[in-house]
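Inspection log for the structure reproduced underneath, given as structure tokens.
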Amino acid sequence: MLTTAEAIAIQETLKQQVICTDQLPATINIIAGTDVEYDKDSSLIAGSIVLLHYETLEVIAVASHCMEVTFPYIPGLFSFREMPPLLRAYEKLTVQPDLIICDGQGLAHQRRFGLACHLGVTLDKPVIGCGKTRLCGQYGPLDEPRGSMAGLYAEDDQSLIGHALRTQAGINPVFVSVGHKISLDTATAIVLKMATQYRLPETTRIADHYARLAMEAYKEQSK
DNA sequence: GCGACAG
DNA sequence: ATCTTGTCGC
């Protein structure tokens, strides 16, 4: 299996390919959400990708893949754990999304290469990183209203690596960062637009739901 | 050395 | 991630 040092070397190489400016289609029709589900009492993980109509949020397609984990959870090397099931699921899609929102950081990462960057560079697709909690970086006061945001600044060089974004009034923020082929401002606006009713964007909520179903189905069928 | 640490 | 229902507080 891949060693920690090898994984870090891969990140250092691939990070140079990340594009932090908008390079999306003129019109976004299909947006994708991804999530990975872990089984409580085995080493199975299920990844799901859900395709939604950008304006109506109607589900267009879902693809999932369940398998054994191939890499341990190490903060900073998260993508090596979650990429395999997500890539397998992505291969099953017969329609491609214009943009993907994944559940984890992009540039808001120790080496500026979180899951969203790794997925974006690998698929050569626009990807937004949207994490539920912070991995690194510091941010200042955040106002209470929906849509309030604060810059997330790296501890080492003080560079802007993401935004803490309040998607609902008085609720903990989510952490938005560039994955690939999108700017931070565009990424932030899209996450806010997709978080219509809850803290997390609908893409993530729906992907989470299907990943759970995929895990249950896989376990049931393997009996 | 200690704490923090996406899921 | 996974433990998980009712309960405390605004």
Side-chain angles (χ1 to χ4, degrees), chain A residues 2 4 7-8 10-11 14-15 18 33-50 64-89 100-122 127-139 144-145 152-156 161-180 184 187-188 191 195 199-201 203-216 218-219:
Chain A
L2 209 57
T4 296
I8 291 174
I10 290 172
Q11 292 181 325
L14 293 181
K15 66 188 279 188
V18 173
T34 75
D35 194 27
V36 172
E37 170 85 3
Y38 291 75
D39 184 28
K40 179 172 67 73
D41 36 38
S42 79
S43 52
L44 290 174
I45 52 176
S48 279
I49 299 182
V50 57
S64 303
H65 187 80
C66 192
M67 61 187 286
E68 295 283 333
V69 292
T70 58
F71 201 85
Y73 171 64
I74 299 171
L77 298 180
F78 185 51
S79 63
F80 293 91
R81 185 170 174 82
E82 296 211 342
M83 287 267 289
L86 290 178
L87 291 178
R88 297 290 196 91
I100 300 169
I101 299 181
C102 71
D103 69 318
Q105 321 294 340
L107 289 183
H109 175 278
Q110 300 93 311
R111 288 172 292 278
R112 312 291 183 270
F113 196 74
L115 171 63
C117 299
H118 202 159
L119 193 63
V121 166
T122 301
V127 178
I128 293 171
C130 179
K132 292 183 277 292
T133 60
R134 192 192 59 92
L135 170 61
C136 63
Q138 306 171 320
Y139 63 102
E144 293 304 319
L152 183 65
Y153 295 92
E155 287 89 347
D156 51 15
I161 56 176
H163 279 150
L165 171 68
R166 187 102 64 192
T167 53
Q168 299 297 335
I171 297 297
N172 287 155
V174 295
F175 298 85
V176 181
S177 59
V178 170
H180 189 48
L184 179 57
T188 305
V191 168
R199 175 179 176 238
L200 298 179
T203 41
T204 301
R205 299 186 68 251
I206 296 172
D208 176 86
H209 175 247
Y210 282 105
R212 180 166 277 110
L213 290 185
M215 176 64 79
E216 288 174 6
Y218 184 89
K219 289 172 69 177

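For the numbers below, each heavy atom of this structure counts, side chains included, while hydrogens, waters and symmetry mates do not. So that the names make sense, note that chain A is the first sequence line, chain B the second, and so on, each numbered from 1.
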Interatomic distance, [X] [atom1] vs [N] [atom2] [rounded to whole Å]:
X      : N     : atom1 : atom2 : answer
A:L77  : B:dA4 : CG    : C1'   : 15 Å
A:R212 : B:dG7 : CZ    : C1'   : 13 Å
A:I161 : B:dC5 : CD1   : P     : 13 Å
A:I45  : B:dG7 : CD1   : C1'   : 10 Å
A:D35  : B:dA6 : CG    : C1'   : 12 Å
A:L107 : B:dA6 : CG    : P     : 17 Å
A:F175 : B:dC5 : CZ    : C1'   : 13 Å
A:D41  : C:dA1 : CG    : P     : 17 Å

- Task: Would you check if there is a donor-acceptor pair between the side chains of A:Q168 and A:R199 at a distance under 3.5 Å?
- Result: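 Their side chains do not contain a donor-acceptor pair, so the 3.5 Å distance test is not met.
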
- Query: Going by atom types only, do A:E82 and A:Y73 share a side-chain donor-acceptor pair under 3.5 Å?
  - Reply: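 Note: A:E82 and A:Y73 side chains miss the donor-acceptor criterion.
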
- Message: In the structure I gave you, are the side-chain heavy atoms of A:T70 and A:F80 within less than 4.5 Å of one another anywhere?
- Response: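 Of all side-chain heavy-atom pairs linking A:F80 with A:T70, none is under 4.5 Å.
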
- Query: With a 4.5 Å heavy-atom cut-off, do A:Q105 and A:L115 have their side chains touching?
  - Reply: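 A side-chain contact under 4.5 Å is absent here.
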
- Indicate whether OP1 or OP2 belonging to B:dC5 is found under 4.0 Å from a side-chain N or O atom of A:R134.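 For A:R134, the contact criterion (side-chain N or O under 4.0 Å from OP1 or OP2 of B:dC5) is met.
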
- Query: OP1 or OP2 of B:dC5 less than 4.0 angstrom from a side-chain nitrogen or oxygen of A:T133, does that happen here?
  - Reply: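 So the side chain of A:T133 is outside the cut-off, no N or O lying under 4.0 Å from OP1 or OP2 of B:dC5.
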
Look at all strands and tell whether [X] reaches a base, only sugar-phosphate, or nothing, counting heavy atoms closer than 4.0 Å.
X      : result
A:E37  : sugar-phosphate
A:L44  : nothing
A:D39  : nothing
A:G129 : nothing

- Query: Which of these nucleotides, C:dC3, B:dA4, B:dG7, is closest to any side-chain atom of A:K40?
  - Reply: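 The answer is C:dC3, which lies nearest to the side chain.
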
- Message: If the test is side-chain contact (heavy atoms from CB on, under 4.5 Å), which one of A:V69, A:V36, A:I74 qualifies with A:R81?
- Response: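 Among A:V69, A:V36, A:I74, the one that satisfies the side-chain contact (heavy atoms from CB on, under 4.5 Å) with A:R81 is A:V69.
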
- Item | Aromatic stack A:F78/B:dG7: centroid gap under 5.5 Å, interplanar angle under 30° |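 According to the criterion (under 5.5 Å, under 30°), no, A:F78 does not stack.
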
